4 protein chains.
Amino acid sequence: MIKIDYRDPRPIYEQVVDGIEELALRGALPADTQIPSVRQLAMELSINPNTIQRAYGELERRGVIYAAKGRGNFISDNMTVLRERRLEEIGAQIGALAAQARTLGADEDRLRGWLQKKGVDGA
Amino acid sequence: MIKIDYRDPRPIYEQVVDGIEELALRGALPADTQIPSVRQLAMELSINPNTIQRAYGELERRGVIYAAKGRGNFISDNMTVLRERRLEEIGAQIGALAAQARTLGADEDRLRGWLQKKGVDGA
Amino acid sequence: MIKIDYRDPRPIYEQVVDGIEELALRGALPADTQIPSVRQLAMELSINPNTIQRAYGELERRGVIYAAKGRGNFISDNMTVLRERRLEEIGAQIGALAAQARTLGADEDRLRGWLQKKGVDGA
Amino acid sequence: MIKIDYRDPRPIYEQVVDGIEELALRGALPADTQIPSVRQLAMELSINPNTIQRAYGELERRGVIYAAKGRGNFISDNMTVLRERRLEEIGAQIGALAAQARTLGADEDRLRGWLQKKGVDGA
DNA sequence: GTGGTCTAGACCACG
DNA sequence: GTGGTCTAGACCACT
């Protein structure tokens, strides 16, 4: 389902959160899809169940998944809203970076060029 | 000189580093300008001198300033190189964010629009 | 694991950095090997944990180790690159010393002889 | 006579010591040559006289110069011995570096090649 | 338990 | 006065 990288400086629970959120945001996991149970995912990833528990808690808080007691965890059905929210967030970040670049002397052409550039890693 | 925001999740020493680096990168502090002494800046910001010391150490490692025992800390004269390096970095980040936005369905017009948007905070 | 020499003019944290870096460079500590925790090594060497923390921070910055909160510190897997970089550095130092020796009148035979000599301490 | 570089991490008095010692070692300043007075050199270099005083003290301790009270400071006449001592020192350093390089896998050819290489800075 | 940040206070070397 | 190192002890986040 997802991969965790122990060299990644991000805490493990955050890698889990980001991984599942991304799958949900880009539609790879449709609404009401059941995701692995805490124990099962913990086994798969060889991780402490507490860590998965924490990740699922955060995902629920964000509205990405919902928990049905005794039945499991499922992808939320309002991903469209969350996706739009995420896009706004990305937009704000790009805007801030662009402003900073201008301060350092980058011109508009260079900025536009970056939109096509494939970055090394995410921000 | 700079401000510390205690609600900012970044550690204090990092806020100091970023603050001074930005001033140097955009030329507000010319080469060989002396910056406040460790103790003085610690007083101004009501921060422990060790924290400032750590920030200055990091700035020296990055080549933003150079230190001379008994004399003080000064802005480096290779800010042009560092500025270009920073721009490359920003470019990569924008590229990554743009790619992610496309995955979520944003079209080119929207991406270009973000370049003008003023973001809430940096990334 | 390593030893501290209080008569060594180098600061303690630097001795720790050099000691561990050397072990990693010559392959005595393979990639992904876990190294002693900050507190544990501090106990072993009878040194303040903050000093070890600083050394580990420097090692991480150099790419010799990577740290994961709550799990520990581990040897990086790019030691091959770092080893080559270190060799280049040694080469430059030897070149500079050789040039200086020539200025003082040493001939080529003498220089070549030094390559076999076992020095008292490092440079 | 000599130059001091404020960006150099070495303390100023050490730059003065090294500078004069080098001139004496390679014969640029013959035996019994008078060197500038403390005050005069301090003026020339725009440096605190105390700093020059300290440098001269160190040079005298090393046997590079001798002070004649009321008459000034002069280059020692045993530079031949000091030069030989310095060469031994360089030899030991090269030997140590070579040994370290071998540990990291450098072969003899590479080591010999470094003797010709011009290093970026001194060691 | 782990690493990471911060404070407080001391001591040293340099100018 | 300056920067730099070290100790002691506290608190936080992560597993």
Side-chain angles (χ1 to χ4, degrees), chain A residues 4 6 8-17 42 45-55 58, chain B residues 4 6 9-16 34-42 45-60 65-74, chain C residues 4 6 8-16 34-42 45-60 65-74, chain D residues 4 6 8-16 42 45-55 58:
Chain A
I4 66 156
Y6 285 102
D8 194 317
R10 287 178 303 172
I12 295 179
Y13 88 91
E14 197 175 321
Q15 293 188 44
V16 174
V17 168
L45 302 179
S46 302
I47 283 179
N48 189 313
N50 287 331
T51 304
I52 303 293
Q53 186 64 278
R54 174 166 185 180
E58 174 66 13
Chain B
I4 297 300
Y6 283 97
R10 287 177 305 169
I12 297 177
Y13 82 91
E14 199 174 318
Q15 293 186 44
V16 174
Q34 182 163 10
I35 61 176
S37 78
V38 170
R39 292 160 172 85
Q40 183 184 338
L41 189 54
L45 302 178
S46 300
I47 283 177
N48 188 292
N50 277 327
T51 305
I52 303 293
Q53 180 73 283
R54 176 170 184 183
Y56 278 15
E58 174 68 12
L59 284 167
E60 187 177 10
I65 67 175
Y66 61 90
K69 278 187 194 172
R71 298 204 349 267
N73 291 279
F74 305 84
Chain C
I4 298 300
Y6 283 97
D8 193 318
R10 289 177 303 169
I12 297 178
Y13 83 91
E14 198 174 320
Q15 293 187 45
V16 174
Q34 182 163 10
I35 62 176
S37 78
V38 170
R39 291 160 172 85
Q40 183 184 338
L41 188 55
L45 302 178
S46 300
I47 283 177
N48 188 292
N50 277 329
T51 304
I52 303 294
Q53 180 73 283
R54 176 169 183 182
Y56 278 16
E58 174 67 13
L59 285 167
E60 187 178 9
I65 66 175
Y66 60 90
K69 277 187 192 172
R71 299 203 351 269
N73 290 280
F74 305 84
Chain D
I4 67 155
Y6 286 101
D8 194 316
R10 286 178 304 172
I12 295 178
Y13 86 92
E14 196 175 321
Q15 294 187 44
V16 175
L45 302 178
S46 302
I47 283 178
N48 189 312
N50 288 330
T51 305
I52 303 293
Q53 185 65 278
R54 175 166 186 181
E58 173 67 13

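Computed over heavy atoms, backbone and side chain alike; hydrogens, waters and symmetry mates excluded. Remember, it's a predicted structure, so these values are computed and weren't measured experimentally. So you know, we letter chains A, B, ... as the sequences are listed, proteins then strands, and number each from 1.
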Rounded to whole angstroms, how far apart are CG on B:Leu41 and P on F:dG1? 17 Å

Taking side-chain contact (heavy atoms from CB on, under 4.5 Å) as the definition, give me every residue that meets it alongside C:Pro49, ordered by chain and number, with sequence neighbours left out. C:Val38, C:Ala42

Pairing of DNA chain E as dot-bracket, 5' to 3': ( ) intra-strand, [ ] crossing, | other strand, . unpaired, with Watson-Crick or G-U pairs under 3.5 Å? ||||||||||||||.

Taking only residues two or more places apart in sequence, or in another chain, which ones meet D:Asn50 in a side-chain contact (heavy atoms from CB on, under 4.5 Å)? D:Asn48

From OH of C:Tyr66 across to P of E:dT2 the rounded distance in Å is 17 Å

What donor-acceptor contacts under 3.5 angstrom involve side-chain atoms of residues 66-74 of chain C, with partners at least two apart or in another chain?
from, atom 1, to, atom 2, distance (Å)
C:Tyr66, OH, C:Asp32, OD1, 2.7

What residue pairs, at least two apart or across chains, pass salt bridge (charged side-chain N to carboxylate O under 4.0 Å, His left out) with a residue in residues 45-54 of chain C? none

Tell me: CD1 of C:Ile4 to P of F:dT5, nearest whole Å? 14 Å

Inter-residue atom distance C:Ile4.CD1 - C:Ile12.CD1, 0.5 Å rounding: 6.5 Å

Rounded to whole Å, the CD1-C1' distance (B:Ile65 to F:dT2) equals 13 Å

Distance test, side-chain N/O of B:Asn73 to OP1/OP2 of F:dT2, below 4.0 Å: no

Can you tell if the side chain of A:Val16 reaches within under 4.5 Å of the side chain of A:Thr51, non-hydrogen atoms only? no

Would you mind building the protein contact string for nucleotides 6-15 of chain F? One character per nucleotide, 5' to 3', B for base within reach (heavy atoms under 4.0 Å), S for sugar-phosphate only, - for untouched. BBBB----BS

My understanding is that only residues two or more places apart in sequence, or in another chain, count here; which of them pass side-chain hydrogen bond (donor to acceptor under 3.5 Å, both in side chains) with A:Asp8? A:Arg10

Just how far, in rounded Å, is P of E:dT5 from CD of B:Gln15? 13 Å

By side-chain contact (heavy atoms from CB on, under 4.5 Å), which residues pair with A:Pro11, not counting sequence neighbours? A:Tyr13, A:Glu14

All side-chain hydrogen bond (donor to acceptor under 3.5 Å, both in side chains) counterparts of A:Glu58, not counting sequence neighbours: A:Arg61, A:Arg62

Are C:Gln53 and E:dG4 close enough that a side-chain N or O sits under 4.0 Å from OP1 or OP2? yes

Mind checking if B:Glu60 touches a base, just sugar-phosphate, or nothing, with heavy atoms under 4.0 Å? sugar-phosphate

